[in-house]
Amino acid sequence: MPEMKLPRHVAMIMDGNGRWAKKRLLPRTAGHKAGVDAFINIADTCIEMGIEYLTVYAFSTENWNRAPEEVSALMELMSKGISKYEPELQKRNVKLNILGDLSLFEDKYRNEIEGVRTRLSKNTGMTLSICLSYGGRQEIVYAVNNLLKSGKTEITAEDISNSLYTASMPDPDLVIRTSGEYRISNFLLWQSAYSEYYFADVFWPDFDKNELLKAFEAYSKRERRYGR
Ligand code: FPP
């Protein structure tokens, strides 16, 4: 494949686990399990391709409203998935960030995820950010409240950028959403002001390296003007 311009920061809305399972007459949790495998495969591919920042939307503030059995199954799958993936992430020098309000998580899951995050925090390779209990509006409110607490009475856009969970990161160049839905769903609202969007028709568990390359190819052909 000829050289193509890759995004420095790619963000993903991993949608369609439930429908993937339904199509196969499986329980929704089987879709989430397949979703964890797809996530690991895509993260591996991004590391191999030299992507600098990968940010994934794993659990939104709105997802707390799902059936309690589905929420606990997701918690279990995500924390186990992150733990299982830790040695590989360590070997590949990946830094882990968690974006969102982990205080809402049960202690055992919060401790497990925080442990992995701390142990990977000094790494200098790709930054992998997992959005957990994350909402874009909530994040902006959190940022503004922190600025108010610091005594500010007037703020700039830069102040807000520097107070978000993503403070030290560049904005996403490309945001990918799977499953044929064309919505932002409260994901990185502030940060995606100038991002390119790419919508894939496949459900998340079917989003593989080939699908990722199609998204990168589409991105490499776009001309970004930032309103100029
Ligand atoms: C949306 O599909 C997906 C989720 C709410 C969960 C996403 C989580 C993963 C893919 C696992 C990530 C793993 C780690 C380790 C971070 P949906 O359930 O809304 O599907 P539907 O729209 O078809 O019902």
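Counting starts at 1 for both ligands and their atoms, following the listed order. In what follows, every heavy atom counts, from backbone to side chain, and hydrogens, waters and symmetry copies are set aside.
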Atom pair CG/CZ of D15 and R183 - distance to nearest 0.5 Å: 7.0 Å
Pair Y219 and Y198, ring centroids less than 6.0 Å apart: no
Geometric class of the W64/F59 ring pair [parallel <30°, tilted 30-60°, perpendicular >60°]: perpendicular
Neighbouring residues of ligand 1, heavy-atom cut-off under 4.0 Å: M14, D15, G16, N17, G18, R19, R28, H32, G35, V36, F39, A58, N63, R66, L74, M78, I82, I130, W204
Aromatic plane relationship, Y53 with H9 - under 30° parallel, 30 to 60° tilted, over 60° perpendicular: tilted
Taking only distance into account, with no hydrogens and no angle test, what donor-acceptor pairs under 3.5 Å do side-chain atoms of residues 27-34 form with protein atoms, sequence neighbours excluded?
| residue | atom | partner | partner atom | Å |
| --- | --- | --- | --- | --- |
| R28 | NE | E70 | OE1 | 2.9 |
| R28 | NE | E70 | OE2 | 3.2 |
| R28 | NH2 | E70 | OE2 | 3.2 |
| H32 | ND1 | N17 | ND2 | 3.0 |
| H32 | NE2 | E70 | OE2 | 2.8 |

Side chain proximity check, P205 to D37, heavy atoms < 4.5 angstrom: no
